[in-house]
Amino acid sequence: MKRYVMKSASGGLRPEENAFSIPYKEALNPAQYDAVTTLEGPLLVIAGAGSGKTRTLTYRVARLVEEGIPPSAILLLTFTRRSAQEMLRRAAALLDQRCERVAGGTFHSFANLTLRRYAEKLGFQSGINILDRADAEDVINLLRTRMGLNRKERRFPRKRTIATIYSRAVNKVTPVEEIIRQDYPHFLKETIDLLRLYETYQAYKRENILMDYDDLLIYLRALLEKNPDVQEALSQTYRYIMVDEYQDTNKIQADIIRFLAATHDNVMVVGDDSQSIYAFRGANFRNIMDFPAMFPDTKTIKLEENYRSTQPILNVANVIIERAREKYTKVLFTQKKYGTLPALVVAEDEQTQSQFVSQRILELREEGVPLNEIAVLFRSSYYSFDLEIDLNQRNIPFVKVGGFKFMETAHIKDLLAHMKILANPVDTVSWHRVLLLVESIGPRTAQEIFQGVTRSGMGLHGLATVKPKPRYAPAFERLRKELQSLDGNHLSLVEIGARLMRYYEPILEKKYDDYPKRAKDLEHLLTIMERYQHLENFLSDMALEPPNASVDNILATDYEDEQLVLSTIHSAKGLEWHTVFIISALEGRFPASYAVRRDEDVEEELRLMYVAATRAKENLYFTYPIDIYDRGTGMILSRPSRFIEGISEEVLEHWSLVI
């Protein structure tokens with residue numbers, strides 16, 4: 001198809017800057033201005049952390065409209081509806097209400113609208129019904145039951161896990177069996193049945209004119225690929241396309257953009273290859289790296305001026321990301337030339353690491369830094385468990401993002417309930433939790449057993465007076481023998497914990513599809529137990545919150561909404577704080593030992609460290625404990641993360657703790 005490029009109404013002469021109502025040159029730095037005013041052809045904007053990406057997109061929307069482009073010809077795709085609405089609202093505030101008529105939304109919302117318009121092209125004569133995630137899980141469960149895959153005598157994934165496997169396969173454009181092998185190896189023996197169920201699920205949706213969330217993207221790509229007339233019509237309609245967070249797109253979304261730009265190539269994608277950290281969701285790092293190949297003659301603009309952090313923090317971030325094998329080289333800089341040098345703090349053990357972080361937080365608060373301007377970031381949720389204990393002892397309120405607080409994880413509660421019974425044989429709540437874990441014991445039976453034990457007056461040995469019914473007798477006998485063997489036995493606390501873990505492992509495997517990850521939490525709990533000699537002291541320190549506390553009500557009102565933030569790094573992306581602590585920056589934990597098997601996984605872990613470092617505005621601390629025994633690998637961990645090891649002390653100050 002021959003392309004004919006239309007010129008602007010002024011005959012191709014661009015208006016002078018003073019003809020615009022918005023002072024773009026004054027409001028933007030040179031790189032931002034270049035991105036905002038480059039309107040024709042493919043444009044790749046590499047937006048470094050804190051470099052004003054949203055501001056650039058907002059001003060570009062206003063510029064397009066002010067140049068005379070009809071709002072209906074502009075398409076803005078983002079990853080949340082809220083971000084699209086916010087950008088268009090800001091653009092309207094800059095210019096006028098025309099900006100709010102720009103087509104903006106998520107890939108999925110755009111796909112939904114488009115597919116409904118062209119339903120007949122897809123063979124959907126009576127319209128389309130969309131399954132949300134909960135609906136999709138219910139359909140999978142219905143089919144799972146019909147196929148006899150829910151029988152109690154066999155171990156088969158639950159509906160949520162199955163839906164996750166199927167969704168991950170679609171988004172990563174990877175066969176289901178490969179997803180199982182990579183992410184769920186403990187279900188490898190169920191591969192054939194999971195594939196059968198997958199085919200049945202696809203057939204069910206076709207027969208009932210249904211699409212799930214992932215189907216929206218699949219069908220949109222198919223619509224564009226197989227219908228040249230539709231592809232041309234949509235490409236002519238949306239002559240200026242902008243995509244935010246392009247590093248987080250998957251292969252299907254990249255294909256959709258290529259089809260939508262078939263007649264013009266006026267595509268601006270904004271993103272940061274150095275912040276591509278969501279491969280587990282299907283994000284494809286190659287999309288942003290290969291954009292110039294997909295769109296020849298791409299112009300690349302780098303936004304490198306940072307408006308968040310001091311230069312000393314950016315110096316560390318620049319060194320970290322320079323170690324990436326594949327990247328768009330950029331060097332972040334700021335007008336905030338001076339500031340505190342970031343620190344690498346080595347602690348003799350995990351407890352000392354926690355004590356340092358807590359003490360420094362209290363000092364910062366005395367210096368005038370509010371708690372909610374301080375964040376502790378970590379690679380995995382359970383790395384903060386030890387710190388949570390110390391924060392609680394010091395009465396430092398916190399909220400945790402990207403994982404449950406220590407006492408809110410069901411598997412931790414399960415194990416601790418067994419230990420509480422050993423310490424207090426009349427603990428009603430713990431007895432019920434433990435008994436309900438026994439197969440075929442329900443609430444009424446649990447109450448009867450507890451009452452029988454209490455009436456006997458024999459403590460744990462009162463279990464021997466219970467006459468179990470045949471349906472739960474074997475499992476009950478296993479519990480009885482385990483508890484009675486531990487009662488009064490002069491074992492160390494960690495030995496008691498290890499024994500109970502071995503007892504609980506088959507229950508954990510049956511109860512949770514993600515039991516390998518939860519087992520890691522329990523191993524970490526054993527590490528914490530090593531610090532204690534007495535069961536009662538341990539249980540007392542573990543009681544961080546009442547048993548029924550939830551994430552929603554952990555925030556104490558008498559702190560005037562001032563809480564320290566604990567967060568996984570994945571959940572912290574896009575956020576910023578005055579002071580950031582990155583804890584357990586330890587080789588074997590960050591990167592995790594399992595992530596070093598493939599180069600691309602190591603590269604993503606490196607980018608994760610970069611994201612963590614660039615959340616800090618004024619203070620940045622990396623901390624790591626030494627001589628940590630990793631139960632999973634049997635190794636002693638003692639080196640700082642490879643991502644920060646060897647950084648010059650002129651850039652990263654080394655601290656030693658004096659106790």
Side-chain angles (χ1 to χ4, degrees), residues 133 136-205 212-214 218 250-251 278-284 379-382 409-411 414 437 439 501-524 570 588 591-602 604-605 630-635:
R133 182 57 183 254
E137 290 176 6
D138 287 343
V139 170
I140 287 171
N141 201 44
L142 171 68
L143 300 175
R144 176 177 177 266
T145 302
R146 283 184 185 176
M147 297 172 66
L149 299 175
N150 64 327
R151 298 194 301 272
K152 282 190 175 182
E153 62 268 19
R154 67 178 291 155
R155 170 70 173 152
F156 200 76
R158 289 171 171 79
K159 62 181 182 179
R160 179 173 295 181
T161 303
I162 298 170
T164 298
I165 291 171
Y166 295 165
S167 179
R168 197 166 293 181
V170 170
N171 285 287
K172 297 181 81 167
V173 194
T174 302
V176 170
E177 53 266 40
E178 183 64 16
I179 296 297
I180 298 169
R181 188 186 67 78
Q182 288 180 1
D183 302 335
Y184 298 88
H186 47 292
F187 288 133
L188 269 174
K189 62 185 179 182
E190 307 298 341
T191 300
I192 293 175
D193 283 334
L194 283 167
L195 289 172
R196 284 176 50 229
L197 178 56
Y198 183 69
E199 292 303 320
T200 304
Y201 176 52
Q202 301 304 324
Y204 181 92
K205 289 185 293 181
D212 62 24
Y213 200 58
D214 299 317
I218 294 173
N250 61 33
K251 179 64 169 63
Y278 295 117
F280 66 95
R281 294 182 188 168
N284 192 335
R379 173 62 185 87
S380 298
S381 182
Y382 67 86
T409 52
H411 49 296
D414 288 346
L437 291 172
E439 191 172 358
M501 266 188 65
R502 285 195 294 273
Y503 163 79
Y504 179 64
E505 277 173 358
I507 299 173
L508 182 76
E509 291 185 17
K510 192 163 189 176
K511 190 175 180 184
Y512 303 106
D513 285 343
D514 61 347
Y515 68 85
K517 293 181 181 178
R518 293 177 186 260
K520 285 283 187 184
D521 291 354
L522 296 175
E523 289 171 7
H524 196 76
H570 283 102
S593 54
Y594 63 81
V596 299
R597 300 169 192 161
R598 300 192 308 166
D599 289 345
E600 55 264 42
D601 292 340
V602 174
E604 178 151 325
E605 294 280 305
D630 183 77
R631 297 177 185 276
T633 62
M635 297 169 57

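Everything numeric in this text was worked out from a predicted model, so none of it was measured. Just so you know, these numbers use all the heavy atoms, side chains as well, and skip hydrogens, waters and symmetry mates.
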To the nearest 0.5 Å, what is the distance between [atom1] ([X]) and [atom2] ([Y])?
X: Phe187; Y: Leu194; atom1: CZ; atom2: CG; result: 8.0 Å
X: Asp193; Y: Met147; atom1: CG; atom2: CE; result: 6.5 Å
X: Tyr515; Y: Lys520; atom1: OH; atom2: NZ; result: 14.0 Å
X: Lys159; Y: Leu142; atom1: NZ; atom2: CG; result: 11.0 Å
X: Asp513; Y: Arg158; atom1: CG; atom2: CZ; result: 5.5 Å
X: Asp138; Y: Leu143; atom1: CG; atom2: CG; result: 11.0 Å

Lys172 and Glu178 ion-paired at < 4.0 Å: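 Answer for the salt bridge query: no.
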Salt-bridge test for Asp521 and Arg518: reply yes if a basic N is under 4.0 Å from a carboxylate O, no otherwise.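 Not counted as a salt bridge, because no side-chain N and carboxylate O are separated by less than 4.0 Å.
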If we only count heavy atoms from C-beta on, is the [X] to [Y] side-chain gap below 4.5 Å?
X: Tyr198; Y: Ile162; answer: no
X: Thr200; Y: Arg146; answer: no
X: Leu508; Y: Leu522; answer: yes
X: Arg168; Y: Gln182; answer: no
X: Glu605; Y: Glu600; answer: no
X: Lys511; Y: Leu437; answer: yes
X: Asn250; Y: Val173; answer: no
X: Tyr166; Y: Ile179; answer: no

Under 6.0 Å from the CZ atom of Arg160, do we count more than 12 heavy atoms belonging to anything else shown?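 For Arg160, atom CZ is not crowded (no more than 12 foreign heavy atoms under 6.0 Å).
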Take Ile218 and Val170, measure what side chain to side chain contact (heavy atoms under 4.5 Å, CB included) needs, and give me the verdict at the end. CA-CA 8 Å; Ile218 294 173; Val170 170; 3.4 Å; yes
Could you walk me through whether Glu523 and Tyr382 pass the side chain to side chain contact (heavy atoms under 4.5 Å, CB included) check? CA-CA 10 Å; Glu523 289 171 7; Tyr382 67 86; over 6 Å; no
Identify the two heavy atoms, one from [X] and one from [Y], that lie closest to each other, and give their separation to 0.1 Å.
X: Asn171; Y: Arg281; answer: CB-O, 3.6 Å
X: Pro175; Y: Ala169; answer: C-CB, 4.4 Å
X: Arg144; Y: Pro157; answer: NE-O, 3.0 Å
X: Asp214; Y: Ser167; answer: OD2-OG, 2.7 Å
X: Tyr184; Y: Thr164; answer: OH-CG2, 3.5 Å

The criterion is side-chain contact (heavy atoms from CB on, under 4.5 Å); which residues satisfy it with Ala283, sequence neighbours excluded?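 Result, side-chain contact (heavy atoms from CB on, under 4.5 Å) vs Ala283: Tyr278.
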